[in-house]
J.: 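Structure incoming, see below.
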Amino acid sequence: EIKVYIEVKNDSVEITNIEGNLEKVSKIGVPQGGNVVVPGITLMVKKGMIPISDWYSVGHNGPGIYNLRVALDESFSENQPVIVYVQVVGNRGEKLISGQKEIQLKENK
């Protein structure tokens, strides 16, 4: 699960933080990627420059914390950091802002 923190300051959208943790799920619980919600928060997880997830998206309705469940491919390894690339997309599908952060995904104990 990836958490994206969004704030609005002076009428502009800001990505203030990106966090994540691992959660093991059965095959039936794996979310399908590829659908982009407009307006929305859209993200992809990469290892270096190589995508290890599809694009995932949730609707955006202002400031707050947005949770996205993401399926990672088999090249993912818990002991290596990943880069989460996030875009906030407006009503017409235009990119309002983007950001990325390197994080370490671990299971919550």
Side-chain angles (χ1 to χ4, degrees):
E1 179 180 64
I2 306 291
K3 291 184 179 187
V4 179
Y5 294 76
I6 301 293
E7 290 185 14
V8 177
K9 295 179 182 172
N10 301 323
D11 289 332
S12 67
V13 178
E14 291 184 19
I15 300 166
T16 58
N17 197 16
I18 302 167
E19 298 176 346
N21 61 53
L22 285 179
E23 182 181 328
K24 304 263 194 235
V25 296
S26 67
K27 285 261 190 209
I28 206 161
V30 174
Q32 295 293 313
N35 296 328
V36 175
V37 178
V38 174
I41 312 293
T42 303
L43 68 80
M44 170 194 287
V45 180
K46 301 186 281 185
K47 186 166 70 174
M49 295 303 292
I50 301 168
I52 60 170
S53 79
D54 283 334
W55 285 99
Y56 288 85
S57 187
V58 294
H60 171 256
N61 57 4
I65 301 170
Y66 292 85
N67 299 308
L68 291 94
R69 291 186 75 190
V70 175
L72 302 173
D73 73 21
E74 60 277 349
S75 69
F76 170 73
S77 172
E78 253 187 87
N79 58 4
Q80 293 184 342
V82 296
I83 297 168
V84 180
Y85 177 74
V86 177
Q87 295 184 121
V88 179
V89 181
N91 291 328
R92 297 181 305 277
E94 74 280 15
K95 180 170 65 172
L96 300 177
I97 191 167
S98 64
Q100 64 183 26
K101 183 177 178 183
E102 185 175 273
I103 63 174
Q104 190 85 26
L105 295 173
K106 296 182 185 249
E107 267 190 273
N108 282 343
K109 301 286 183 197

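Values in this document were obtained by computation on a predicted structure and should not be read as measured data.
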J.: Tell me whether the rings of Y66 and H60 are parallel (<30°), tilted (30 to 60°) or perpendicular (>60°).
T.: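 It falls in the tilted class, 30° to 60°.
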J.: Out of curiosity, does Y5 fall in the hydrophobic cluster containing L68 (side-chain heavy atoms, cut-off under 4.5 Å, transitive links)?
T.: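 Each belongs to a different hydrophobic cluster.
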J.: Roughly how far apart are N17 CG and K101 NZ, rounded to 0.5 Å?
T.: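 So the gap between those two atoms works out to 4.0 Å.
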J.: Quick one: does L105's side chain get under 4.5 Å of F76's, heavy atoms only?
T.: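 When only atoms from C-beta onward are counted, F76 and L105 do touch, with a gap below 4.5 Å.
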J.: What residues form a side-chain hydrogen bond (donor to acceptor under 3.5 Å, both in side chains) with N91, not counting sequence neighbours?
T.: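 Checked N91 against side-chain hydrogen bond (donor to acceptor under 3.5 Å, both in side chains); zero matches.
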J.: Give the intermediate values and the outcome of side chain to side chain contact (heavy atoms under 4.5 Å, CB included) for residues E19 and V84.
T.: CA-CA 9 Å; E19 298 176 346; V84 180; over 6 Å; no
J.: Using only heavy-atom distances, determine whether the side chains of N21 and K3 contain a donor-acceptor pair under 3.5 Å.
T.: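 No donor-acceptor contact under 3.5 Å links the two side chains.
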J.: Identify the two heavy atoms, one from M44 and one from P51, that lie closest to each other, and give their separation to 0.1 Å.
T.: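 Shortest heavy-atom contact: SD-CB, 3.6 Å.
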J.: Does N35, at its CG atom, have more than 12 non-hydrogen atoms belonging to other residues, nucleotides or ligands within less than 6.0 Å?
T.: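 Counting other residues, nucleotides and ligands, CG of N35 stays at 12 neighbours or fewer.
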J.: Roughly how far, to the nearest 0.5 Å, is the CD atom of E1 from the CG atom of N67?
T.: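 Rounded to the nearest 0.5 Å, the CG-CD separation comes to 4.5 Å.
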J.: Looking at Q32, I want to see if its CD is surrounded by more than 12 non-hydrogen atoms of other residues, nucleotides or ligands under 6.0 Å.
T.: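 Atom CD in Q32 is not packed in, count stays at 12 or less.
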J.: Should I52 and I2 be counted in the same cluster of Ile, Leu, Val, Met, Phe, Trp and Tyr side chains packed under 4.5 Å apart?
T.: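 Looking at the clustering, I2 is in the same group as I52.
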J.: Verify side chain to side chain contact (heavy atoms under 4.5 Å, CB included) between K106 and L22, making sure each step is shown before the conclusion.
T.: CA-CA 5 Å; K106 296 182 185 249; L22 285 179; 5.6 Å; no
J.: Quick check against the 3.5 Å criterion: does K9 have a side-chain atom that pairs as donor or acceptor with the backbone of E14?
T.: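 A pair under 3.5 Å: no.
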J.: Tell me whether Q104 contacts the main-chain N or O of E78 through its side chain, where contact means a donor paired with an acceptor under 3.5 Å.
T.: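 Looks like yes, one N/O pair under 3.5 Å.
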J.: Treat each ILVMFWY residue as a node, draw an edge where side-chain heavy atoms are under 4.5 Å apart, and state whether V88 and V70 are in one component.
T.: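 Linked within one cluster.
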J.: Give me the atom names and distance for the closest heavy-atom approach of S53 to A71.
T.: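 So the two residues come closest at CB-O, 3.4 Å.
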J.: Before giving the answer on side chain to side chain contact (heavy atoms under 4.5 Å, CB included), spell out for L43 and V86 the whole-Å C-alpha distance, their side-chain angles and the decisive distance to 0.1 Å.
T.: CA-CA 4 Å; L43 68 80; V86 177; 4.0 Å; yes
J.: Would a hydrophobic clustering, with Ile, Leu, Val, Met, Phe, Trp and Tyr connected at side-chain separations under 4.5 Å, put I97 with V58?
T.: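 I97 clusters together with V58.
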J.: For N79, does the CG atom sit with more than 12 other heavy atoms under 6.0 Å from it, leaving out its own atoms?
T.: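 Enclosed: over 12 neighbouring heavy atoms sit under 6.0 Å from CG of N79.
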J.: CD1/I41 to CD/Q87 distance, rounded to the nearest 0.5 angstrom?
T.: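 Spacing of CD1 (I41) from CD (Q87) equals 10.5 Å.
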J.: Can you tell me how far CG of L72 sits from NZ of K46, rounded to the nearest 0.5 angstrom?
T.: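 Atom-to-atom, K46:NZ and L72:CG are 14.0 Å apart.
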J.: Donor-acceptor pair, T42 side chain versus V36 backbone, under 3.5 Å?
T.: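 A pair under 3.5 Å: no.
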J.: Taking all atoms of both residues into account, what is the closest heavy-atom pair of P81 and E102, and its distance?
T.: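 Minimum heavy-atom contact is CB-CG, 3.7 Å.
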J.: Could you pull out the closest heavy-atom pair between Y85 and S98, with the gap in Å?
T.: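 Smallest interatomic distance, heavy atoms only, reads OH-CB, 3.5 Å.
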J.: What I'd like to find out is whether the side chain of I6 reaches to under 4.5 Å of the side chain of I15, using heavy atoms alone.
T.: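 They are in contact (side-chain heavy atoms under 4.5 Å apart), so the answer is yes.
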J.: If we only count heavy atoms from C-beta on, is the I83 to M49 side-chain gap below 4.5 Å?
T.: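 Not in contact.
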J.: Search all heavy atoms of G20 against all heavy atoms of I103 and return the closest pair with its distance.
T.: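 Here G20 and I103 meet closest at N-CD1, 3.8 Å.
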